[in-house]
*Asks:* 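Before we start, here is the structure in question, set down as structure tokens.
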Amino acid sequence: MTTVAETKDPSPRSIGHGLPLACFAAVAFATPFLLSGNRYLAFVAGVTMIHILWASGMNLLYGYTGLMPLMFAGLAGISAYMVVGLTAAGWSFWLALPVGALAASIAGTILGLPSLRLKGFYFTLCSLVIQTVVTLAFVYFSGLTNGDTGISQIPLPSFAGTPLSGLAYDLVLAASAVIGVVILMVIVQSTLGRRLIAIREDDELAGMLGINVTGYKMIAFFIGSLFAGIGGALYAPYIGFISPRSFDVLISMNIWLMVAFGGRGTIWGPVIGAVLLAPLSFLLQEYYTVKDVLYGLLIIVVIVAMPGGIAGGFKRKRREAAAPVDVAASRRSVK
Amino acid sequence: MSDVNLIILLSTISTGLILGSIFALVAVGVTIVYGSIWMPNAANGQFFVLAALLGWTMTVSWGIHPAIAALLVIGISVPLSYALEYVLVRRFYDVPNRNISYFVLSLGITQILTGIFSFTYGRWSDQFQLPPLVGGITFVGPLPVANNRLVVLALALAILASLFALLRYHRYGRAIRAVFQNRDAAALRGVNVKASYSLSFALGNAVIFAGGILFALAYSFDLTVAWTMSITAFAIMIIGGPGSVLGALIVGMVFGFTQAAVSTVASPTIAAFSYLGAMLLILLFKPSGLFAR
């Protein structure tokens, strides 16, 4: 395992982010006011905030723990459907939100269990299968989810009796994105974060050093899925429409791409990735299918030319070409 | 047994045979590529649909005879594979743990093709139907079967058989299998490893294309087939054992019958649930598969 010595620990670069954080928070909270004249652009900004939250959650799992779960959108979907169902049944949105997010967390922790046995490609494939099963379930249990037609006209939540205005909800989204990034920063700088990074670098070694690999992976899944769940719960009333297609495997891939393209294992890389990529599909409007082609090309570019993402730059191309430091469960690599 | 039940049974068997042989074809294509260059090709379903759509364009829009169109489609796959291999796949041959990179790469290709299909073919039609290879109907017992589907079945089985013979007896096949087993030892014995890699990539994709065009000749299809096929082929490969051609063949046939039977009594979604569940169990408890080499 020579790679361990060579791989630079990215955490030192991500410490001391007080100033960027202040700037990010200022921009996030100012954007809804600046764009309040143009509802459409404000809406795109709001969706970007949700994607920043999602990308931060995915970053915790992919960037810091070294797992690549392609079921992320499915978890967001579980939370979204649950919150929509509960609010339709008369619950307050603010009560349904933590319940739905917690449901996504628990589901994510359980569905993350295969990561204890499977590594690298095999875990990713497993998560892809889980994502497919979740999507199929959304379609199949149409009594709860209205099947392929989806649920439309989801109202914006109300607060103290009056429905929230678009501007107020935009601020809620901005707050959630900022809080998400702050939580990720706190985690990364804590003992928990360092142990997760140790697991990413070499989980066998981490286990031998006395780190409870099973427990920490589960914690990572719990927190990461919480991000997914909160994002999903906020997404449903904001868009006003959810269907199985809103949470299918392509969405998981898109969130993964935001992390990988921005720079995995850095705080701000995925934020930049989300800011650059999330608005694309809205700005392309009727040519929105071009987005798929563009995203696909970017995936290939990231894999071939820039494994470190924007934040990592192009320069470490050769050395890090091996992307995740994982060994497949059943086969040893041939040199 | 009443006549109706017999018809249902026979139609399930015939559908199972056709679906099974097509599943087996695609899964064999995927497993050849995974076994040799260690590339889990998630884009197999998109290649499958690409072949079917090219066949549709050639027969319906250009009026080419379906048999010639099928040959042309399979022929096109070869330069396409070599181009793809030259531009993308070749870069990773020496990277350890390249399967995850390849997997993500092929997911990128999947997304590109999904986008392209939805703003080209997706705008033209929802459902695609190719003209039959041959007309007429044969009675198997009380069940009428279109001659066209019988020909498709025969062709699929013939391709599978010749593929098996190629891998077992021909020297190219033996070289591919030698590289499957031990790349370094094969290189020492004078096998051109890189050439055998590109050959198996092209061969695997040609087989997937053949599966796609045969499926299109037997059934009408839509664009959603792609993802279902991708995940089904993966399920077959994982259960059969990655790299095991025999495993892909057997499990592919089993899946075809399962699909046909479960779709008759329940729904295709239940069939999908069942084999995805089987795949998860195999992944968790016997990741080397049932027919591991």
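These numbers come from the heavy atoms of this one structure, side chains and all, not from hydrogens, waters or symmetry mates. Please read these numbers as outputs of a predicted model, since none were measured by experiment. Each chain gets a letter, A, B and so on, in the order its sequence line appears, and its residues count up from 1.
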*Asks:* Could you check if a side-chain atom of B:V104 sits within less than 4.5 angstrom of a side-chain atom of A:W256, using non-hydrogen atoms only?
*Replies:*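 Yes; the side chains approach each other to less than 4.5 Å.
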
*Asks:* Taking C-beta and beyond as the side chain, do B:Q111 and A:L257 meet within less than 4.5 Å on heavy atoms?
*Replies:*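 With C-beta onward as the side chain, the pair stays apart.
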
*Asks:* Between B:I112 and A:D292, does the side chain to side chain contact (heavy atoms under 4.5 Å, CB included) criterion hold? Intermediate values first, please.
*Replies:* CA-CA 6 Å; B:I112 293 176; A:D292 280 333; over 6 Å; no

*Asks:* Name the region of A:V249, side chain, backbone, both or neither, that has any atom closer than 4.5 Å to a heavy atom of chain B.
*Replies:*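 The side chain, not the backbone.
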
*Asks:* Measure A:A137 against the heavy atoms of chain B and call it side chain, backbone, both or neither at under 4.5 Å.
*Replies:*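 Looking at A:A137, backbone and side chain both touch chain B.
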
*Asks:* Give, as side chain, backbone, both or neither, the part of A:L70 having an atom under 4.5 angstrom from any heavy atom of chain B.
*Replies:*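 Interface part for A:L70: side chain.
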
*Asks:* Taking the six-membered ring for Trp, are B:F103 and A:F121 parallel (under 30°), tilted (30 to 60°) or perpendicular (over 60°)?
*Replies:*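 The rings of B:F103 and A:F121 stand perpendicular, inter-plane angle above 60°.
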
*Asks:* Would you sort out whether B:M279 and A:L125 count as a side chain to side chain contact (heavy atoms under 4.5 Å, CB included), showing the intermediate values?
*Replies:* CA-CA 10 Å; B:M279 177 186 184; A:L125 178 60; 3.8 Å; yes

*Asks:* Does any non-hydrogen side-chain atom of A:I299 lie less than 4.5 Å from one of B:L105?
*Replies:*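 The answer is no, as the side chains (C-beta and beyond) never meet within the 4.5 Å cut-off.
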
*Asks:* Can you tell me how the ring of A:Y140 sits relative to the ring of B:F273, calling it parallel under 30°, perpendicular over 60° and tilted otherwise?
*Replies:*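 Plane angle over 60°, so perpendicular.
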
*Asks:* Which one of B:S106, B:P40, B:A272 has the most heavy-atom pairs closer than 4.5 Å to chain A?
*Replies:*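 Among B:S106, B:P40, B:A272, the one with the most close pairs to chain A is B:P40.
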
*Asks:* Just give me the residue among B:I238, B:T110, B:T269 that pairs up with chain A most often, heavy atom to heavy atom, under 4.5 Å.
*Replies:*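 Highest number of pairs under 4.5 Å: B:T269.
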
